[in-house]
Visitor: 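Here's a structure for you.
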Amino acid sequence: MSEDKKPNNFIEDIIEDDLNNGLSKDKLRFRFPPEPNGFLHIGHASAICLNFGLGEKFGQPVNLRFDDTNPAKEEAKYVDAIKKDVEWLGYQWDELCFASDYFQELYDWAVQMIKDGKAYVDSQSSEEIADQKGTPTQPGVNGPFRDRSVEENLALFKGMKNGEYGESEHVLRAKINMQSTNMLMRDPIMYRVVNRSHHRTGEAWKIYPMYDWTHGESDYLEQISHSFCTLEFLPHRELYDWFLDQIVAPNKLRPKQREFARRNVSHTVTSKRKLQQLVEQGIVTGWDDPRMTTISGLRRRGYTANAIKNFAESIGIGKRDNLVDMNHLEFHLRDDLNKAADRVMCVLDPIKLIITNYPEGKVEMLEAENSQEDVSRGYREVPFSREVFIEREDYKEEGNKKFFRLKNGKEVRLKNAYIIKGERCIKDADGNITEIHATYDPDSRSSSGTDASMRKVKGTLHWVSVAHALPVEVRLYDRLFTVASPDTDKEKDFMEFVNPESLEVITAMAEPAMKNLAAGDTVQFQRMGYFCVDPDSTEDLMVFNRTVTLRDTWAKLDT
RNA sequence: UGUCCCAUGGUGUAAUGGUAACACUCCGGUUUUUGGUAUCGUCAUUCUAGGUUCGAGUCCUAGUGGGACAACCA
């Protein structure tokens with residue numbers, strides 16, 4: 001039972017402090033609160049893992065709450081997509097909540113605040129309101145409607161609710177302090193009129209509450225003990241607390257907002273606006289394009305939920321600006337896939353190799369292990385014959401000592417088959433190699449038990465029998481951006497850093513057993529990387545996405 | 001010409017006033033029918049200046065650098 005205790009992060013410290021100060025553990029409750037206005041991305045994954053991870057660590061519930069207070073942007077289809085992504089990551093929420101479920105409570109509280117002189121209806125234009133608000137370095141001034149009577153405020157607010165006014169005619173504002181150093185405290189807007197149909201409440205409401213007025217009160221209604229959000233909301237905390245002050249009952253739990261730094265991953269963008277731009281301008285094929293770092297894109301690319309969760313856990317959580325290198329993510333991806341994926345052979349850039357001393361017309365079914373890591377995964381049969389495809393880059397007429405692959409006069413092993421020796425190659429008029437000739441050692445068949453089969457040769461190549469090869473489409477992905485941080489350049493737009501070679505589509509030659517794979521299945525193409533079957537696959541043509549390459553120390557030496 | 005947040009190897013995190021550590025990356029060795037995996041190892045870190053203290057990455061002050069804040073968005 002030696003549980004290796006990992007050090008707490010500062011969020012866990014906050015919770016344990018509260019526990020030590022008398023908060024009972026069963027009062028702990030967390031939430032993940034996305035706005036249903038787009039797809040979740042890798043940044044959200046960190047927040048999901050944080051909140052649901054805390055739920056698991058402390059054995060307490062986590063709500064999934066949709067922050068749906070702006071009908072102009074939100075749609076039911078995003079609600080469904082978000083639920084699917086959270087589930088795919090392997091988390092189960094306690095209650096499924098919507099801020100829109102609280103519209104009536106929020107309204108009633110707002111009416112009470114008007115009666116208490118804590119809120120008023122402002123009838124100015126948004127420009128006038130903005131003008132009076134001042135700037136971060138200059139205090140604001142009070143507007144002309146700030147001291148309206150309670151009766152007038154009540155009547156106007158009711159009128160707003162009943163649809164008697166158009167958008168922008170009136171807003172309800174909290175009466176706080178126009179001179180505050182915190183701009184959010186300068187009489188923030190609580191309600192505005194929006195003439196839109198809401199994806200859940202339909203036409204029932206003409207006024208909609210703003211984020212600040214909604215979020216803390218929603219936390220309170222759900223009795224969330226700790227409300228974690230990203231650092232940009234830190235200035236909102238003062239207002240979060242002020243709004244709570246207006247409504248918290250003494251016998252109820254008072255939620256606490258704390259902030260952490262959003263995780264940025266190199267070579268990606270995560271703002272919805274920018275992701276949308278990539279989709280709209282056709283840089284990618286959609287929100288689930290395998291090059292996108294949306295959860296749905298990562299899923300289609302072949303990322304596993306485990307890899308994402310391990311990544312999130314390993315990078316931890318902090319308060320400083322950060323840019324996590326993509327290779328952290330890829331490390332966890334390879335780590336997980338190495339254990340989970342069967343091995344197969346597929347030649348991406350095929351060239352024909354003829355074994356001149358192998359009988360024409362002969363076919364042998366050779367046994368190949370599905371995983372060197374785990375023999376319990378069993379074996380499959382792979383057909384071998386006189387003509388096979390190998391990778392073009394695996395042959396050189398002459399190569400230096402570091403080149404472990406096939407060259408004239410040298411031996412290599414064909415994986416799970418025979419040791420062959422390079423003899424010569426055939427070239428076309430332009431000097432391009434079109435065909436390689438080799439001879440084989442008939443006694444060297446893998447696991448035949450002969451002395452020859454035990455011989456050590458430096459290189460091992462993967463191969464596919466020409467007569468049995470299954471042509472498949474393979475989509476090779478590279479990073480979508482050529483620089484680590486595409487959206488922080490002061491002069492250049494992030495679109496200028498789009499990698500024009502982020503996708504290469506090729507036809508590869510696969511071993512015949514691969515035709516049994518189904519969409520979503522992941523395998524390792526030995527020596528080449530991890531690949532998964534894309535849903536674009538048809539009866540006639542299988543399509544594979546390259547999830548990630550193998551670590552390749554040779555490629556680095558070679559260049 | 002404001003308020004607030006942040007600062008530990010190339011990257012991310014830990015050290016809770018007491019020997020600066022872990023992972024990734026990089027580089028190198030061993031094993032290997034994947035130049036993969038596994039395994040061993042090397043290199044490399046507390047922004048600056050003062051102060052408190054027997055002792056400071058940690059506490060205090062100032063500076064420097066980075067970031068947030070002026071949507072009827074969240």
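Every chain is numbered from 1 and lettered A, B, ... according to where its sequence line falls, protein lines coming before strand lines.
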Visitor: Answer yes or no: is there an ion pair linking Asp187(A) with Arg146(A), defined by an N-O contact shorter than 4.0 Å?
Guide: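 Looking at Asp187(A) and Arg146(A), the cut-off is met.
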Visitor: Tyr240(A) vs His215(A) aromatic rings, parallel, tilted or perpendicular, using cut-offs 30° and 60°?
Guide: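 Judged by the thresholds at 30° and 60°, the geometry between Tyr240(A) and His215(A) is tilted.
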Visitor: Measuring from the side chain of Asp335(A) (C-beta onward, heavy atoms only), which nucleotide among A38(B), U34(B), C72(B) has the closest atom?
Guide: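 The answer is A38(B), which lies nearest to the side chain.
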Visitor: Looking only at atom C1', what distance separates G66(B) and C43(B), rounded to whole Å?
Guide: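 These two C1' atoms come out 28 Å apart once rounded.
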Visitor: Measure the distance from CZ on Arg455(A) to P on U32(B) and round it to the nearest whole Å.
Guide: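 Checked: the CZ to P distance equals 16 Å.
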Visitor: Looking at Arg413(A) and U33(B), is any side-chain donor or acceptor paired with a base atom of the opposite kind under 3.5 Å?
Guide: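 By the distance-only test, yes, there is a pair.
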Visitor: Between U33(B), C73(B), U34(B), spot the one nearest the side chain of Asn416(A), thanks.
Guide: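 Between U33(B), C73(B), U34(B), the one nearest the side chain of Asn416(A) would be U33(B).
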Visitor: Atom CG of Asp552(A) and atom P of C26(B): how far apart are they, to the nearest Å?
Guide: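 Those two atoms, CG and P, are 11 Å apart.
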Visitor: Is it the case that U1(B) (base atoms only) and Thr137(A) (side chain only) share a donor and an acceptor within less than 3.5 Å, ignoring hydrogens and angles?
Guide: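 It does not, because no donor-acceptor pair links the side chain of Thr137(A) to the base of U1(B) below 3.5 Å.
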Visitor: Measure the distance from CG on Asn338(A) to P on U34(B) and round it to the nearest whole Å.
Guide: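 Taking atom P of U34(B) as the reference, CG of Asn338(A) is at 13 Å.
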Visitor: Once hydrogens and angles are ignored, does a donor-acceptor distance under 3.5 Å link the base of G12(B) to the side chain of Glu313(A)?
Guide: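 For Glu313(A), whose side chain was compared with the base of G12(B), there is no donor-acceptor pair (under 3.5 Å).
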Visitor: Please name the residue in the list Tyr107(A), Trp213(A), Phe103(A), Tyr191(A) that meets the ring pair (Phe, Tyr, Trp, His ring centres under 6.0 Å) test with Tyr208(A).
Guide: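 Going through the options one by one, the only one that passes is Phe103(A).
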Visitor: How do Arg445(A) and Lys490(A) order along RNA chain B: which one's closest nucleotide is nearer the 5' end?
Guide: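 The residue whose closest nucleotide sits nearer the 5' end is Arg445(A).
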Visitor: Please evaluate the base of U34(B) for a donor-acceptor partner in the side chain of His462(A) within a cut-off of under 3.5 Å?
Guide: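 For His462(A), whose side chain was compared with the base of U34(B), there is no donor-acceptor pair (under 3.5 Å).
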Visitor: Assess Lys415(A) against Trp463(A): is NZ or CZ under 6.0 Å from the centre of the six-membered ring, and within 45 degrees of the ring's axis?
Guide: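 No cation-pi geometry.
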Visitor: Ignoring hydrogens and angles, answer whether the base of U37(B) and the side-chain atoms of Arg334(A) contain a donor-acceptor pair closer than 3.5 Å.
Guide: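 When only heavy-atom distances are counted, Arg334(A) does not reach the base of U37(B) through any donor-acceptor pair under 3.5 Å.
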Visitor: So, does the side chain of Gln372(A) form a donor-acceptor pair with the base of U32(B) at under 3.5 Å?
Guide: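 A donor-acceptor contact between them is absent.
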Visitor: When rounded to the nearest Å, what value does the distance between C1' atoms of C60(B) and A20(B) take?
Guide: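 That atom pair is separated by 22 Å.
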Visitor: State the pairing partner of C4(B); accept Watson-Crick or G-U wobble contacts with both distances under 3.5 Å, and report none otherwise.
Guide: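 Because both required distances fall under 3.5 Å, C4(B) counts as paired with G67(B).
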Visitor: One thing to verify: whether Arg65(A) and Glu222(A) come together as a salt bridge, which I'm taking to mean a side-chain N less than 4.0 angstrom from a carboxylate O.
Guide: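 Judged by the 4.0 Å cut-off on N to carboxylate O distance, Glu222(A) and Arg65(A) do form a salt bridge.
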